Amino acid sequence: MLNQIRPALSRVTSPVGHALARTGVTPNTVTIVGTLGVVVGALAFYPFGQFFWGTVVITIFVFFDLFDGAVARVTGKTSRFGAFLDSNMDRVSDAAIFTGLILRYAGRDHNDMLLVCLALFCLVSGVLVSYARARAEGMGLNATIGIAERGERLIVSLVAIGLTGLGVPYVLAIGLWLLSIASAITVAQRYIAVRRQVEAGELS
């Protein structure tokens, strides 16, 4: 879904990309700084129940995921390693967000095993969604389909966590349930798509 609005987003990110490029910063530096900001925001705030401010910090640094690509396009410094780094740093950021939740709700004072299990499932299923695509592309196949790509998963998780920080009841559990179901469906969609392509190739 978010892929459909990328052209509109580029009209916002391109000026920022030009501004950053004039400072001499590299796309990989932007990627790393963004990832470090997300990790710090998640692990310094979430385990202590500071969900709203943690989400604010994370959201700010999530935009670096858009700006690194803008800088790369402006400077012409797109590279295979940059794409590799960006993909890996995305996994680190996602892991930090759910680890922060797990640390919060696995603690003795705020023990909630349902939320811990949901957060853990979201973490693992998110990795599987990304791995299914990467493995398929390594085989020369296409697995970009699915109802919950990273952008959608990130929005759902951050909105649910942020609203929880504002005192909205039950929204975290609802958000994690939705995210778990959507991620599982996306994994299944990608497995089915790859299987069909493999079978079609074998028959041709």
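All values derive from a computational prediction rather than experimental measurement. Index from 1, following the sequence. Heavy atoms only: backbone and side chains are in, while hydrogens, waters and symmetry mates are out.
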Review point. Does Leu43 belong to the same Ile/Leu/Val/Met/Phe/Trp/Tyr cluster as Phe48, with side-chain heavy atoms less than 4.5 Å apart forming each link?
Key: no
Exercise for review: Provide the closest heavy-atom pair for Arg190 versus Val129 in the form atom of the first, atom of the second, distance.
Suggested key: NH1-O, 2.8 Å
Study note, to complete from the structure: Here the gap from Leu179 atom CG to Phe121 atom CZ, rounded to the nearest 0.5 Å, amounts to 9.5 Å
Exercise for review: Would you mind reporting whether Glu149 and Arg133 have side-chain heavy atoms less than 4.5 Å apart?
Suggested key: yes
Study note, to complete from the structure: Heavy-atom nearest pair, Ile145 first then Ala193, reads CD1-CB, 3.7 Å
Check your understanding: What heavy-atom pair brings Gly175 and Ala160 nearest, and what distance separates the two atoms?
Key -> CA-CB, 4.0 Å
Practice item. Verify, without hydrogens or angle tests, whether Ser125 (side chain) and Cys122 (backbone) share a donor-acceptor contact under 3.5 angstrom. Key: yes
Exercise for review: Determine whether Ile185 and Gln189 make a side-chain contact, defined as any pair of heavy atoms from C-beta on separated by less than 4.5 Å.
Suggested key: yes
Review point. Using a distance-only test with no angle check, is there a side-chain donor-acceptor pair under 3.5 angstrom linking Asn28 and Thr26?
Key: no
Check your understanding: Do you reckon Val159 sits in the same ILVMFWY cluster as Leu118, going by side-chain contacts under 4.5 Å, direct or chained?
Key -> yes
Review point. What is the distance from atom CG of Leu123 to atom CZ of Arg91, rounded to the nearest 0.5 Å?
Key: 10.5 Å
Practice item. First locate atom CG of Leu158, then atom CZ of Arg153, and finally report the distance between them rounded to the nearest 0.5 Å. Key: 12.0 Å
Practice item. Can you see which heavy atom on Leu115 is nearest to which on Leu172, and at what distance? Key: CD1-CD2, 4.2 Å
Check your understanding: For the hydrophobic clusters of this structure (ILVMFWY residues joined by side-chain heavy atoms under 4.5 Å, transitively), does one cluster hold both Ile147 and Leu128?
Key -> no
Review point. Are Val56 and Phe67 connected in the hydrophobic side-chain network, where two residues link if heavy atoms are under 4.5 Å apart?
Key: yes
Practice item. Looking only at non-hydrogen atoms, find the nearest pair between Val198 and Met139 and report the distance. Key: CG2-CE, 4.5 Å
Check your understanding: Any side-chain heavy-atom pair from Tyr46 and Ile58 closer than 4.5 angstrom?
Key -> yes
Review point. Got Asn88 and Thr35 here, is their nearest side-chain heavy-atom distance under 4.5 Å?
Key: no
Check your understanding: Strictly under 6.0 Å, is that where the ring centroids of Phe45 and Phe51 end up?
Key -> no
Point to revise | OG1-CD1 distance between Thr186 and Ile181, expressed to the nearest 0.5 angstrom | key: 11.5 Å
N/O donor-acceptor pairs under 3.5 Å from side chains in residues 94-103, not counting sequence neighbours:
unit_1, atom_1, unit_2, atom_2, d
Asp94, OD1, Arg150, NE, 3.1
Asp94, OD1, Arg150, NH2, 3.1
Asp94, OD2, Arg150, NE, 3.2
Thr99, OG1, Ala95, O, 2.6

Review point. What closest approach, in Å, do Glu137 and Thr144 show between heavy atoms, and which atom pair accounts for it?
Key: OE2-CG2, 4.2 Å
Review point. CD1 of Ile161 to OG1 of Thr55: how many Å apart, nearest 0.5 Å?
Key: 5.5 Å
Exercise for review: Give a yes or no on whether Val40 and Val62 share a hydrophobic cluster (residues Ile, Leu, Val, Met, Phe, Trp, Tyr; joining criterion: side-chain heavy atoms under 4.5 Å apart).
Suggested key: no
Study note, to complete from the structure: Rounded to the nearest 0.5 Å, the CE atom of Met113 sits from the OH atom of Tyr105 at a distance of 13.5 Å
Practice item. For residues Val57 and Trp53, determine if any side-chain heavy atom of one lies less than 4.5 Å from a side-chain heavy atom of the other. Key: no
